[in-house]
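FYI, side chains are in, hydrogens and waters are out, and symmetry mates aren't considered; it's all heavy atoms of this structure. One is the number of the first residue; the rest follow in order along the sequence.
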Amino acid sequence: MNVRIEKDSMGELQVPENALYGAQTQRAINNFPISGKPMPEAFIRALVLIKLAAARTNFKLDCVSKDVAGSIESACNELLEQNDIMQHFPVDIFQTGSGTSSNMNANEVIATLATKHATDNVNPNDHVNFGQSSNDIIPSAIHVSAAIEISDVLLPALQHLKARISAKATALKGVTKTGRTHLMDAMPVRFDQTFNAWASQIQDNIDNLTAVKSKLLRLAQGGTAVGTGINAHPEFATLIAKELGNLTNVDFVPADDFFALIGSQDTVVAVSGVLKTIAVTFMKIANDLRWMNSGPLAGLGEITLEALQPGSSIMPGKVNPVIPEATAMVAAQVIGNDTTITIGGQSGNFELNVMLPVIAANLLSSIELLSNSAVLLAEKAIDTLEVNQDKLNEALDKNPILVTALNPIIGYLKAAEIAKLAYREGRAIIDVAEQETDLSREELTRLLDPKALTEGGL
C-alpha cells in the first residue's frame, strides 16, 4: 500500500496515500482494532452537518474568513452527497470515550477536501473545529442524529404499524376467539379487541417517544471543553442551533445548562428507555402471533401467517413464523442495547461522560432495528395473516369457561361444577348446562353466545 507521511502534535505517522484523513485518525485506527465496526452512518452525517453549521456560524461571527467558511461548507456538502461517505470514517466504535477520534476524523477529512476549494490551507483544528470541542460536538451529534432518525424513520414506521394493525382489527371486527389468561382458556374476546389493544400500545409508545424526543432538541454545542464555552463566541451556541434547524427542519436549541449535557447522558438514557418499552411491546405482539399461529394441527392454529420460506432443512413442508421470530430477536437486542446505554450513562465522571461512542452506536442501532422490524411486522405478518374460523369455533364450542356468564343466575359454585364436568367429559358447555340447570336451551344459547359475551355487562 502506498503511503504518505503526516504529522500531528505527537510526531510523524504513515497514512494511506489516498486517504482524506490524517495522522490523528490513523493513530485511532492503529490504537483501536477492536470491533471492526465504525460509528453509525447517521451519526457521521450528523457530525458533518454540525461542522457545516459551525462554519456558517463562525463566518457570521467573524471568527473565520469567508474563504475558509465557504470551503468548509463545500467540503461538508460534498461528503453529505456521497453514498459511500463511510469509506472516510473508519474509526472503531470502541475508541476514546469522548469520541475525540471520530471528531478529529471528521475535522481532518473536511479540512483535506476544503483545502481543495480554499485559497490557503484549511486546518482541522484551527478552522474546521473552531469554537468546538469533542466534548460538546459528540453529545450534540448524538442528539442530532437520534432526533432526525426518530422523526424521519422510527415514528413513521410506528405509525405505519399502528395503521396496519387498526386496519386488520376493522377487517376482523366481530370475529370471536377464545381468550386466554395464564395461557389457559378464558372468556371470549374478539380479534378487533385484541388488535386494537396492540394499536393502543403502539400509540402509547408513539406519544412517549414524541415527548422524550423534544429533549433531544437541546444541544450541548457551545459548551466546548467542560461546559464553560471557552474558545467559542458568546453567540455561537444560539446561532449554530438555528443553522442546524435550517439544515434539518428540526427546531434545535442551545441547552439551558451545557454542563449537564456534557457531563451526563440522562436524556439519551431516557430515550433508550422508551425504545426499550417499544421493544417490549413488539415482543408481546410477536409472541401473541406465534402462539395464535402455532400448529397447524397440534397447536392453537387460530391464524395462519404468510408462508415466507421453508421452515426446516430436514422436515419437508414445515413453515415457521419467521417475521415474529425476527421481531422478537430485535426486541431482545434493543433491551440489551438499553442496558449498555444505561451503564454508559453512569459514566459521567465530573465534567464529561466517557462512553459517548458506544452510547451513540447502541442508541442508533435500536432506532434502526425497531424501524425496520415495525415495517416488516406490519407488511409481512399483520397484513397477510388469515383467520382459521373452523378452529376458532371448535375451541369456543367446547370452552367450559363460558359458564362464567351463568354466575349471576346459578352462582359460582354451581357454575364451577358444570365447568369441571364439561372438562372431564369433553362435552360442550351448553349441553352440560342444559342437563344440570333448569335453564332452557334457547335461554342458554342466548346467555352463552361467545360474541355477546365479548360486550361485557351482566
Student: Indicate yes or no for a side-chain donor-acceptor contact from S373 to the backbone of L370 under 3.5 Å, with no hydrogens or angles considered.
Tutor: yes
Student: Salt-bridged, R441 to D431, with N to O below 4.0 Å?
Tutor: yes
Student: Do T100 and I138 come close enough that some side-chain heavy atom pair is under 4.5 Å?
Tutor: no
Student: Report the distance from atom NZ of K276 to atom OG1 of T342, rounding to the nearest 0.5 Å.
Tutor: 6.5 Å
Student: So, the side chain of E108 versus the backbone of T25: is there a donor-acceptor pair under 3.5 Å, distance only?
Tutor: yes
Student: Could you measure the distance from the CG atom of D266 to the CD atom of Q346? Nearest 0.5 Å is fine.
Tutor: 10.5 Å
Student: Checking the side chain of D136 only, and the main-chain atoms of Q221 only, is there a donor and an acceptor separated by less than 3.5 Å?
Tutor: no
Student: Which atom pair, heavy atoms only, marks the closest approach of P324 to R290?
Tutor: CB-CG, 3.6 Å
Student: Taking atom CG of N293 and atom CG of N320, what is their separation to the nearest 0.5 Å?
Tutor: 9.0 Å
Student: Evaluate K51 against N103 for side-chain hydrogen bond (donor to acceptor under 3.5 Å, both in side chains), listing each step before the verdict.
Tutor: CA-CA 10 Å; K51 297 295 180 180; N103 183 37; 2.8 Å; yes
Student: Where is the tightest heavy-atom contact between V91 and S101, given as atom of each residue plus distance?
Tutor: CG1-CB, 3.8 Å
Student: Check whether any side-chain heavy atom of E368 lies under 4.5 Å from a side-chain heavy atom of E149, and answer yes or no.
Tutor: no
Student: Determine whether E394 and D390 satisfy the following criterion, side-chain contact (heavy atoms from CB on, under 4.5 Å), listing intermediate values before the conclusion.
Tutor: CA-CA 6 Å; E394 180 185 352; D390 290 344; over 6 Å; no
Student: Is a side-chain N or O of Q82 found less than 3.5 angstrom from the main chain of L79, in a donor-acceptor match?
Tutor: no
Student: Determine whether I262 and L352 make a side-chain contact, defined as any pair of heavy atoms from C-beta on separated by less than 4.5 Å.
Tutor: yes
Student: Please round to the nearest 0.5 Å and tell me the distance separating atom CD1 of I202 and atom CD1 of I278.
Tutor: 7.5 Å
Student: Could you tell me if the side chain of K242 sits less than 4.5 Å from the side chain of T238, heavy atoms only?
Tutor: yes
Student: Is a donor on one side and an acceptor on the other found under 3.5 Å between the side chain of N135 and the backbone of A225?
Tutor: yes
Student: Would you say the side-chain atoms of K391 pair up with the backbone N or O of E302, donor to acceptor, closer than 3.5 Å?
Tutor: no
Student: Backbone N or O of P310 within a donor-acceptor pair of the S312 side chain at under 3.5 Å?
Tutor: no
Student: How about NZ on K414, more than 12 heavy atoms from neighbouring residues, nucleotides or ligands closer than 6.0 Å, or not?
Tutor: yes
Student: Got a sec: does the CD of Q87 have more than 12 other heavy atoms crowding it under 6.0 Å?
Tutor: yes
Student: Measuring only between side-chain heavy atoms, which start at C-beta, is W198 closer than 4.5 Å to K284?
Tutor: yes
Student: Could you verify whether a donor N or O on one side chain and an acceptor N or O on the other, from Q203 and D207, lie under 3.5 Å apart?
Tutor: yes
Student: List the steps, then state whether side-chain contact (heavy atoms from CB on, under 4.5 Å) holds for K213 with T210.
Tutor: CA-CA 5 Å; K213 189 199 76 171; T210 300; 5.5 Å; no
Student: Let me confirm one number: the CD1-CG distance from I150 to L209, rounded to the nearest 0.5 Å.
Tutor: 4.5 Å
Student: Quick one, H160 and R164 - any side-chain contact, counting heavy atoms below 4.5 Å?
Tutor: yes
Student: Could you walk me through whether N337 and Q333 pass the side-chain hydrogen bond (donor to acceptor under 3.5 Å, both in side chains) check?
Tutor: CA-CA 6 Å; N337 288 350; Q333 182 64 61; 2.9 Å; yes
Student: Go through it in stages, so that I can follow the logic: the residues are T437 and I409, the test is side-chain contact (heavy atoms from CB on, under 4.5 Å), and I'd like the CA-CA distance, side-chain angles, deciding distance and then a yes or no.
Tutor: CA-CA 10 Å; T437 72; I409 301 170; over 6 Å; no
Student: Test side-chain hydrogen bond (donor to acceptor under 3.5 Å, both in side chains) on N205 and T277 and set out the steps.
Tutor: CA-CA 7 Å; N205 284 315; T277 305; 5.1 Å; no
Student: Before accepting this row, confirm whether a basic side-chain N of the pair R190/E455 lies closer than 4.0 Å to the acidic partner's carboxylate O.
Tutor: yes
Student: To the closest 0.5 Å, what do you measure between NZ (K215) and CG (L217)?
Tutor: 10.5 Å
Student: What pair of heavy atoms forms the shortest contact from S272 to I341, and how long is it?
Tutor: OG-CD1, 3.4 Å
Student: Assess whether atom CG of N83 is packed by more than 12 heavy atoms of other residues, nucleotides or ligands within 6.0 Å.
Tutor: no
Student: Between D438 and E443, is any pair of side-chain heavy atoms under 4.5 Å apart?
Tutor: no
Student: Looking at A199 and K162, what are the two nearest heavy atoms and their distance?
Tutor: O-CG, 3.9 Å
Student: Any sub-3.5 Å donor-acceptor pair from D338's side-chain atoms to V334's backbone N or O?
Tutor: no
Student: If I compare all heavy atoms of A106 with all of L47, which pair ends up nearest, and what's the gap?
Tutor: CB-CD2, 3.7 Å
Student: So for atom CG, which belongs to N407, do other residues, nucleotides or ligands contribute more than 12 heavy atoms lying within a distance under 6.0 Å?
Tutor: yes
Student: Taking the side chain as everything from C-beta on, heavy atoms only, tell me whether L364 gets closer than 4.5 Å to M39.
Tutor: no
Student: side-chain contact (heavy atoms from CB on, under 4.5 Å) between I343 and T339: does it pass, once the steps are laid out?
Tutor: CA-CA 6 Å; I343 294 171; T339 299; 4.1 Å; yes
Student: Within the distance-only criterion (no hydrogens, no angle test), does the side chain of S264 pair as donor or acceptor with the backbone N or O of A260 below 3.5 angstrom?
Tutor: yes
Student: Between D92 (side chain) and P38 (backbone), is there a donor-acceptor pair under 3.5 Å?
Tutor: no
Student: Considering non-hydrogen atoms only, spot the tightest contact between G131 and F236 and give its length.
Tutor: O-CE2, 3.6 Å
